[in-house]
Number of protein chains: 2
Amino acid sequence: MEENKIAELDEETLFLVSQTFKALADPTRIRILHLLFNGELSVSNIAETLDLNQSNVSHQLRFLKNLRLVKYRRDGKTIYYSQDDEHVMKILQQSIDHASHH
Amino acid sequence: MEENKIAELDEETLFLVSQTFKALADPTRIRILHLLFNGELSVSNIAETLDLNQSNVSHQLRFLKNLRLVKYRRDGKTIYYSQDDEHVMKILQQSIDHASHH
DNA sequence: TTATAATATGAATATATGTTCATATATATT
DNA sequence: AATATATATGAACATATATTCATATTATAA
């Protein structure tokens, strides 16, 4: 029988994983993603709902967009953001559930 | 019918979740936890294996211990660390698998 | 074209974080 | 008791990060 040895961690995977968790490591970004559970929202809508600076929200959304955790569509002057990574959203949901039971 | 509305995020849960993901957001800590998939290891063993400063490993282990992601036992001069949060370790494993397929 | 609204961007800044260095603590050995 | 080994700790430092401010961009409406 072979040992159930865990595979090596290559540099690229390590970077990707750490970046993804970094996205989830900030309260503001968690709140934004948490909001997007309910569906797409405009930047100003997110900012109002969470009582955040528009610029701040825009910066954070860019961060999330670069990691492809969210996507957007434009409708006139308004840009609607929505989730774009089921796996990460599921992990976030699980972790919130897990943490909220304490 | 009611809408499937997502519950509010209270301050404490938000903090806990962000802290947990912060633990997973650093490459060094990911490498340490990844090593611990295979079982308990001493501080010096971790440091050697990952080619890290002993002090650095010690600091990171303290961080992980404070979040109860790892636990330790002493045997003489040696202290052995091991994983202590199945849920988080499962999430890490999933995320590594997910990321390594790209 | 001018004005208005929604969003994005870059610079500035304060704070957080990761790592190293020097040293302290705890245990074992002689 | 003196020495050696394993780990922990605190200070220092460099870098990263989150937020704000001022302004640019893009699209609509007057």
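Sequence lines set the chain letters: A, B, ... in the order given, protein chains first and strands last, and positions in each chain run from 1. All of these numbers come straight from a predicted model, not from anything done at the bench.
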> Does A:D75 or A:N56 map to a spot on DNA chain D nearer the 5' end, using the closest nucleotide for each?
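With A:D75 and A:N56 compared, the 5'-side residue is A:N56.
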> Ring of A:Y80, cation from A:R74 - is the NZ or CZ under 6.0 Å from the centre and inside 45° of the axis?
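No; the conditions do not both hold, so A:R74 does not lie above the ring face of A:Y80.
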> So which nucleotide from D:dA8, D:dT28, C:dA8 ends up closest to the side chain of A:K77?
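For the A:K77 side chain, the nearest candidate turns out to be D:dT28.
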> What is the nucleic acid contact for A:T78, judged by heavy atoms within less than 4.0 Å: base, sugar-phosphate only, or nothing?
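Touches sugar-phosphate only.
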> Checking all strands, does B:Q54 fall into the base, sugar-phosphate, or nothing category for heavy-atom contacts under 4.0 angstrom?
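The answer is base, as B:Q54 lies within the cut-off (heavy atoms under 4.0 Å) of a base atom.
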> Could you tell me if A:D10 and A:T13 have a donor-acceptor pair between their side chains, going purely by distance under 3.5 Å?
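There is such a pair (donor and acceptor under 3.5 Å, judged by atom type) between the side chains of A:T13 and A:D10.
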> Return no unless some side-chain N or O of A:Y81 is found under 4.0 Å from OP1 or OP2 of C:dA8.
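Yes, because at least one side-chain N or O of A:Y81 sits under 4.0 Å from OP1 or OP2 of C:dA8.
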> Just wondering, do B:R73 and B:I79 contact through their side chains at under 4.5 Å, heavy atoms?
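Heavy-atom side-chain distance check fails, nothing below 4.5 Å.
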> Between the base of D:dT9 and the side chain of B:S58, is there a donor and acceptor pair under 3.5 angstrom?
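Per atom types, no contact qualifies.
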> I need the CZ-C1' distance between B:F63 and C:dA16, as an integer number of Å.
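Interatomic distance, CZ of B:F63 to C1' of C:dA16: 11 Å.
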> Write down the distance between CG (A:L24) and C1' (D:dT17), rounded to a whole number of angstrom.
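The answer, rounded to whole Å, is 16 Å.
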> Hey, is the side chain of B:R29 poking within less than 4.0 Å of OP1 or OP2 on C:dG18, counting only N and O atoms?
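Checking C:dG18 against B:R29, a side-chain N or O does come within under 4.0 Å of OP1 or OP2.
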> Specify whether B:F21 and A:F21 have parallel, tilted or perpendicular ring planes, treating 30° as the upper limit for parallel and 60° as the lower limit for perpendicular.
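If you compare the ring of B:F21 with that of A:F21, the planes turn out parallel.
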> Would you state whether a donor and an acceptor, one from the side chain of B:H59 and one from the base of C:dT20, lie under 3.5 Å apart?
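Checked by distance alone, the answer is yes.
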> Please work out if B:Y80 contacts a base, only the sugar-phosphate, or nothing of the nucleic acid, heavy-atom cut-off 4.0 Å.
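It contacts nothing in the nucleic acid.
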> I need the CZ-P distance between A:R62 and C:dA11, as an integer number of Å.
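Spelled out: CZ on A:R62 to P on C:dA11 is 11 Å.
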> When the distance from CG of A:L61 to P of D:dT19 is rounded to whole Å, what number comes out?
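Interatomic distance, CG of A:L61 to P of D:dT19: 12 Å.
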> If you compare every side-chain N and O of A:T28 against the phosphate oxygens of D:dT19 (OP1, OP2), does one of them come in below 4.0 Å?
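Result: yes.
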> Got more than 12 heavy atoms from elsewhere within 6.0 Å of NZ, A:K65?
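Yes - once you tally the heavy atoms of other residues, nucleotides and ligands closer than 6.0 Å, there are more than 12.
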> From CG of B:L14 over to P of D:dA18, roughly how many Å is that when rounded to an integer?
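Distance check: B:L14 CG to D:dA18 P gives 13 Å.
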> Over 60° means perpendicular and under 30° means parallel, so classify the ring planes of B:H87 and A:H98, tilted if in between.
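Ring orientation of A:H98 relative to B:H87: parallel.
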> Find the distance A:N45:CG to C:dA6:C1' and express it as a whole number of Å.
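Whole-Å distance recorded here is 12 Å.
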> Starting from P on D:dT17, measure out to CZ on A:F21 and report it in whole angstrom.
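After rounding, the gap between these two atoms is 16 Å.
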> C:dT30 pairs with which nucleotide, Watson-Crick or G-U wobble, both distances below 3.5 Å?
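When the pairing criteria are applied, D:dA1 turns out to be the nucleotide that pairs with C:dT30.
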> Toward the 5' end of DNA chain D, which comes first, A:A25 or A:G76, by nearest nucleotide?
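Result: A:A25.
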> Please figure out whether A:R74 or B:V57 has its closest DNA chain C nucleotide nearer the 5' end.
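Between the two, 5'-proximity favours A:R74.
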> How long is the line joining CG of B:N66 and P of C:dT17, in whole Å?
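Taking atom P of C:dT17 as the reference, CG of B:N66 is at 13 Å.
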> From the set D:dG10, D:dT28, C:dT7, return the single nucleotide nearest to any side-chain atom of A:S44.
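In terms of side-chain proximity for A:S44, the closest of D:dG10, D:dT28, C:dT7 is C:dT7.
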> Return the nearest nucleotide to the side chain of A:Q60; candidates are D:dT19, D:dA8, C:dT19.
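Between D:dT19, D:dA8, C:dT19, the one nearest the side chain of A:Q60 would be D:dT19.
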